[in-house]
Every structure is written in C-alpha cells, then in structure tokens.
Amino acid sequence: MLASFLMGLVGGQRSMTPLAAVAVAAARGELPRDCAAPDFLRDPAVASGAVALALAELAGDKMKSAPDRIVPAGLAARLIVAGFAAGALAPRGQFWKGAALGGLTAVAASYPGWRARMAAMEDHGQTPTGLVEDALVVGSAVAILAAMRPDPDG
C-alpha cells in the first residue's frame with residue numbers, strides 16, 4: 001500500500017499524472033503481476049488518452065485562468081482519478097483500500113502543495129514554479145513505478 005499512498009501524494013499536485021503513469025506502465029507490462037490494476041489499463045489507447053489528458057493539465061496549469069487545485073472540482077478530480085490510479089497499484093483484492101488511501105492522500109496533499117506553490121509564485125512567477133513542480137511530480141510518479149517494476153530475471 002506504500003505505492004498507493006505515494007501516488008496519492010503525486011495526485012495532490014497533478015490529478016492526471018498518476019493515472020497517466022500507471023496506464024503507461026500497465027501498457028508496457030511493467031506493473032507487478034499481483035497488483036489490482038484492471039485489465040483495460042493495459043490497452044495502449046487508454047495509456048495514450050491518459051497521457052494526453054495529463055499533458056493538457058500540465059499545460060493548463062501555467063495559464064493565468066487555471067483554477068487553484070483546492071477548489072471543489074479540483075479536489076474531486078484528485079480524489080477520483082488519483083484514487084483510481086492508487087487503487088490499481090494496490091495488491092490484488094485490495095483495489096478499494098488502495099483507492100481510498102490514495103484518493104484521500106491526494107486531497108490532503110493538495111493543500112500544502114498549493115500553499116508552497118503560492119509562496120514560490122510570489123518570487124518566481126507562475127510558469128517557472130509550475131515547470132519545477134511538473135518535473136518533481138512526473139519524476140516522482142516514474143520513480144514510484146520504477147521501484148515496483150518486476151525483476152525481469154525473477
């Protein structure tokens with residue numbers, strides 16, 4: 001369940017990145033065999049769609065009109081989408097526990113992430129702080145999944 005929790009932290013900052021990362025790993029066959037990921041996540045079309053949505057979110061975040069992540073719709077998206085991705089990383093048979101853990105973690109992590117971003121934006125502006133945050137979020141998601149990757153020799 002550690003991966004579900006950690007992916008929830010990622011989802012607190014970008015709602016679509018966890019789903020995109022998990023779907024790409026699933027499509028590549030890089031998830032552990034005993035995880036709770038639904039079979040449809042292994043479809044490359046699902047991975048492509050999730051990546052497109054994540055890229056749109058990353059781009060939209062830099063716009064002045066982008067809503068804060070702590071508005072109700074943003075929190076709901078984090079709860080549902082990050083929760084789903086976190087559930088997929090849970091051990092088989094524990095999807096809903098992983099989804100609850102990841103979704104609630106994403107909602108809780110949204111607040112300190114938002115505060116940190118607002119503080120950084122005062123000194124560095126919206127786009128530079130967003131790009132740094134994007135790098136941290138994507139790098140974290142990749143690292144979580146790399147740590148879960150099955151050993152090809154095992």
Report the distance from atom CG of Leu58 to atom CD of Glu133, rounding to the nearest 0.5 Å.
9.5 Å
For the hydrophobic clusters of this structure (ILVMFWY residues joined by side-chain heavy atoms under 4.5 Å, transitively), does one cluster hold both Val71 and Tyr111?
no
Please report the C-alpha distance between Glu30 and Leu145 in whole Å, then the side-chain angles of each, then the deciding distance to 0.1 Å, and finally whether the side-chain contact (heavy atoms from CB on, under 4.5 Å) criterion is met.
CA-CA 8 Å; Glu30 295 176 351; Leu145 292 164; over 6 Å; no
Quick check: does any side chain N or O of Asp43 sit under 3.5 Å from a backbone N or O of Ala45, one acting as donor and the other as acceptor?
yes
Decide yes or no on side-chain contact (heavy atoms from CB on, under 4.5 Å) for Leu75 and Ser110, but give the supporting numbers first.
CA-CA 8 Å; Leu75 293 174; Ser110 296; 3.8 Å; yes
With the side chain counted from C-beta on, respond yes when Ile80 and Phe84 share a heavy-atom pair under 4.5 Å apart, and no when they do not.
no
Check whether any side-chain heavy atom of Val10 sits under 4.5 Å from a side-chain heavy atom of Leu136, and report yes or no.
no
Between the main-chain N or O of Ala86 and the side-chain N or O of Ser4, is there a donor-acceptor pair closer than 3.5 Å?
yes
Got Met1 and Pro91 here, is their nearest side-chain heavy-atom distance under 4.5 Å?
yes
How about Met63: does its CE atom have over 12 heavy atoms from other parts shown lying under 6.0 Å from it?
no
Residue pairs meeting side-chain hydrogen bond (donor to acceptor under 3.5 Å, both in side chains), one or both in residues 89-101, sequence neighbours left out, come to none
Transitively linked via ILVMFWY side-chain contacts under 4.5 Å: Val138 with Leu9?
no
Is Leu6 linked to Leu101 within one hydrophobic cluster, defined over Ile, Leu, Val, Met, Phe, Trp and Tyr using a side-chain heavy-atom separation of less than 4.5 Å?
yes
Measure from the side-chain N and O atoms of Arg117 to the backbone N and O of Gly113, and report whether any donor-acceptor pair falls under 3.5 Å.
no
Contact between Met16 and Leu19 at the side-chain level, heavy atoms closer than 4.5 Å - yes or no?
yes
Decide yes or no for Thr17 and Asp134: does some side-chain heavy atom of the first lie under 4.5 Å from some side-chain heavy atom of the second?
no
Non-neighbouring partners of Asp39 that pass salt bridge (Lys or Arg N to Asp or Glu O under 4.0 Å), sequence neighbours left out
Arg42
Supply the atom-to-atom distance Thr129 OG1 to Asp123 CG, rounded to the nearest 0.5 angstrom.
10.0 Å
What about Val24 and Met7, same hydrophobic cluster or not, with Ile/Leu/Val/Met/Phe/Trp/Tyr joined at side-chain heavy-atom distances under 4.5 Å?
no
Is a side-chain donor or acceptor of Gln13 paired with a backbone partner of Arg69 at a separation under 3.5 angstrom?
no
Side-chain contact, heavy-atom cut-off 4.5 Å: Leu131 with Lys62?
yes
Can you tell me how far the CE atom of Met121 sits from the CH2 atom of Trp114, to the nearest 0.5 Å?
10.0 Å
Leu31 and Leu89, any side-chain heavy atoms less than 4.5 Å apart
yes
Rounded to the nearest 0.5 Å, how far apart are CZ of Arg149 and CD1 of Ile144?
13.0 Å
